[in-house]
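Presented below is the structure to which this report refers.
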Amino acid sequence: MSRKLLPVSISAALIGGTAMADVPNVAVDIAPVHSLVARVMEGVGTPDLIVPPGASPHEYNLRPSEAAALQEADLVFWIGQDLTPWMEGAVGTLAGGATVTSLLDSDGTVLLDFRESALFEMHEHGESEEHDDHDHEEHSEDKDHDDHGHDEEHAHDDEDHEKHDDHDHEEHAHGDHDPHAWLSPANAETWLNLIAAQLSAADPDNAGAYFVNAAAAREEMAALSAEVAKTLEPVRGGSFVVFHDAYQYFEDAFDIPASGAISIGDAADPSPARIAEIQDRIREEGVDCVLAEPQFNPGIVETVLDGTEAKTGVIDPLGSDLEPGAALYPQVIRNMARTLADCL
């Protein structure tokens with residue numbers, strides 16, 4: 001949802017070339033989204049990245065240079081508070097005069113429900129929801145209803161996990177939706193249009209360049225999806241467990257479901273009972289692969305692997321070893337597919 005969504009005229013979209021006027025200062029939360037913005041701004045300007053690729057976006061302390069980038073920003077693009085709850089206060093305080101776009105709340109974004117369980121059944125994904133203007137108008141009323149339904153839906157899960165005490169459950173507070181929505185190339189395509197529109201509204205002299213770049217990037221995204229599907233085709237049916245439940249958008253996009261996750265989607269430390277549950281599935285069902293992540297403690301994965309024959313690999317949803325910029329997003333998706341193919 002954009003805090004200040006400025007109107008974009010049709011004529012602005014047709015203006016070509018790069019203007020002499022100052023290009024807006026743009027700040028972006030995580031590297032994959034920064035990559036999408038950089039692709040749209042290519043040849044015009046360069047956005048600032050707030051959270052470096054090697055850091056976890058779930059918990060992060062801003063450095064002075066990153067705080068300054070927010071303070072100087074004319075536009076801010078971020079996934080939203082469900083991914084980076086700590087950033088909401090910083091955006092409100094430091095970027096109070098900026099146009100702020102929360103991508104999870106934007107029209108056309110397909111969202112999946114947050115998964116709580118350690119184990120997933122085949123093709124089990126959270127129900128999808130697509131934002132539109134009607135959803136926004138009824139958001140407050142629907143949220144109360146959804147929260148009540150969410151409580152009822154997971155009541156039996158709480159009973160099945162009595163080993164988790166009340167304090168542990170409170171620490172796992174989160175939003176209703178899985179925030180890792182950038183791992184859906186379809187969402188990325190939707191956001192490219194939004195990014196171009198917001199940039200063009202703030203900088204109409206360069207609107208033509210923004211929309212041309214966005215159109216080219218959408219074509220590249222379609223080719224990327226076809227390439228990844230081909231990479232994964234030989235290993236469909238393989239079973240894998242991920243470190244934290246960040247991948248269901250990728251699973252859904254490419255029909256390659258995970259068997260479980262050691263940690264829930266907010267990357268909170270897993271309880272001993274959850275780890276034991278994952279270990280049991282690996283042993284009983286002969287899970288092929290357990291995937292670690294560069295942003296988190298590998299010792300937990302080693303514990304889970306102990307006594308099993310599963311292979312392991314490192315999957316990276318943020319591109320921690322990649323250079324930030326326009327090429328990062330497709331390489332993140334490509335690398336994830338290759339990691340899975342090699343491990344399975």
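Sequential numbering from 1 along the given sequence is applied to the chain's residues.
L112 contributes atom CG, which lies 8.5 Å from atom NE2 of H177 (distance to the nearest 0.5 angstrom). Once rounded to the nearest 0.5 Å, the distance linking CD of E88 with OG1 of T93 reads 10.0 Å. Taken from OG in S225 to CD1 in I333, the straight-line distance is 8.0 Å, to the nearest 0.5 Å. Distance CD/Q248 to CG/D178: 4.5 Å, rounded to 0.5 Å. Between the OG atom of S320 and the CG atom of N335 there is a distance of 10.0 Å, given to the nearest 0.5 Å. Interatomic distance, CG of D203 versus CG of D74, reported as 9.5 Å (0.5 Å rounding).
Looking at V304 and I275, their side chains come closer than 4.5 Å, going by heavy atoms from C-beta outward. Residues I315 and F240 fail the side-chain proximity criterion, which asks for heavy atoms closer than 4.5 Å. Under the 4.5 Å side-chain criterion, counting only non-hydrogen atoms from C-beta, I256 is in contact with R236. Counting only heavy atoms from C-beta outward, the side chains of T190 and V110 never approach each other to under 4.5 Å. Side-chain contact check for Q279 versus T308: every heavy-atom pair is 4.5 Å or farther apart. Between L70 and M87, the closest side-chain pair of non-hydrogen atoms falls below 4.5 Å. Between D252 and S184 the shortest side-chain heavy-atom distance does not fall below 4.5 Å. Residues M336 and Y247 form a side-chain contact, since some pair of their non-hydrogen atoms from C-beta on lies under 4.5 Å apart.
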| How far apart are the C-alpha atoms of Q295 and D316, what are their side-chain angles, what is the distance that settles it, and do they pass the side chain to side chain contact (heavy atoms under 4.5 Å, CB included) test? | CA-CA 8 Å; Q295 294 85 12; D316 185 1; 3.0 Å; yes
| query | Are Y249 and L111 close enough, and set up right, to give a side chain to side chain contact (heavy atoms under 4.5 Å, CB included), and what steps lead you there? | reply | CA-CA 8 Å; Y249 290 95; L111 300 175; 4.0 Å; yes
| said: Set out, in order, the CA-CA distance, both residues' side-chain angles and the distance that settles side chain to side chain contact (heavy atoms under 4.5 Å, CB included) for W86 and L62, then state yes or no. | reply: CA-CA 10 Å; W86 56 269; L62 289 176; 3.9 Å; yes
Enumerate donor-acceptor pairs with a distance under 3.5 Å from any side-chain N or O in residues 24-41 to protein atoms, sequence neighbours excluded.
from : atom 1 : to   : atom 2 : distance (Å)
N25  : ND2    : E72  : O      : 3.2
D29  : OD2    : I79  : N      : 2.7
H34  : NE2    : P47  : O      : 3.0
S35  : OG     : G325 : O      : 2.8
S35  : OG     : A326 : O      : 3.0
S35  : OG     : L328 : N      : 3.4
S35  : OG     : Y329 : N      : 2.8
R39  : NE     : E220 : OE1    : 3.1
R39  : NH1    : E42  : OE1    : 2.8
R39  : NH2    : E220 : OE2    : 2.8

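One N or O on the side chain of S239 and one on the backbone of D288 form a donor-acceptor pair closer than 3.5 Å. In this structure, the side chain of R281 engages the main chain of S259 through a donor-acceptor pair within 3.5 Å. Judged by distance alone, the side chain of N187 and the main-chain N or O of T109 form no donor-acceptor pair under 3.5 Å. Using modelled atom types, no side-chain atom of R274 and backbone atom of D269 make a donor-acceptor pair closer than 3.5 Å.
I195 is connected to V44 through a chain of hydrophobic side-chain contacts under 4.5 Å among Ile, Leu, Val, Met, Phe, Trp and Tyr, so both are in one cluster. When hydrophobic clusters are built by joining Ile, Leu, Val, Met, Phe, Trp and Tyr residues whose side-chain heavy atoms come closer than 4.5 Å, directly or via intermediates, V212 is not grouped with L194. Cluster annotation: L322 and L340 are assigned to the same hydrophobic cluster (Ile/Leu/Val/Met/Phe/Trp/Tyr, side-chain heavy-atom contacts under 4.5 Å, transitive). Both M221 and L103 belong to a common hydrophobic cluster when Ile, Leu, Val, Met, Phe, Trp and Tyr are linked at side-chain heavy-atom distances under 4.5 angstrom. A single hydrophobic cluster is seen to contain both L183 and V235, as judged by linkage of ILVMFWY side chains at heavy-atom distances under 4.5 Å, directly or through other members.
Summarising the geometry of L192 relative to A217, their closest heavy-atom pair is CD1-CB, 3.6 Å, with the distance given to 0.1 Å. Closest approach of Y60 to I50, counting heavy atoms only: CE2-O, 3.9 Å. The heavy-atom pair separating S200 from F211 by the smallest distance is OG-CE1, 3.2 Å. Heavy-atom minimum distance, L318 versus A55: CD1-O, 3.6 Å. Among all heavy-atom pairs drawn from P85 and H58, the shortest one is CD-O, 4.3 Å. Contact detail for A118 and I278: the closest heavy-atom pair is O-CD1, 3.4 Å.
Here disulfide bond (SG atoms under 2.5 Å apart) pairs that include residues 28-61, with residues two or more places apart or in two chains, number zero. Listed by first then second residue, pairs satisfying disulfide bond (SG atoms under 2.5 Å apart) with a partner in residues 37-112 number zero, not counting sequence neighbours. Pairs passing the disulfide bond (SG atoms under 2.5 Å apart) check and including a residue from residues 253-286, sequence neighbours excluded, do not occur. Within the structure, salt bridge (Lys or Arg N to Asp or Glu O under 4.0 Å) pairs that include any residue of residues 208-219 do not occur (at least two apart or interchain). Sequence neighbours left out, the pairs with a member in residues 223-318 that pass disulfide bond (SG atoms under 2.5 Å apart) are C289-C343.
No more than 12 heavy atoms of other residues, nucleotides or ligands shown are found within 6.0 angstrom of CD on E59.
Taking the ring pair (Phe, Tyr, Trp, His ring centres under 6.0 Å) definition, one finds that W78 meets it with nothing, sequence neighbours left out. Every residue was checked against the salt bridge (charged side-chain N to carboxylate O under 4.0 Å, His left out) condition with E293, not counting sequence neighbours, and none meets it. Residues satisfying the salt bridge (charged side-chain N to carboxylate O under 4.0 Å, His left out) criterion with R63, sequence neighbours excluded, are E66. Remark: F250 pairs with F254 by the ring pair (Phe, Tyr, Trp, His ring centres under 6.0 Å) rule, at least two apart or across chains. Looking at residues two or more places apart in sequence or on another chain, you find a ring pair (Phe, Tyr, Trp, His ring centres under 6.0 Å) between F243 and F296. The side-chain contact (heavy atoms from CB on, under 4.5 Å) check on T46 picks up nothing, with sequence neighbours excluded.
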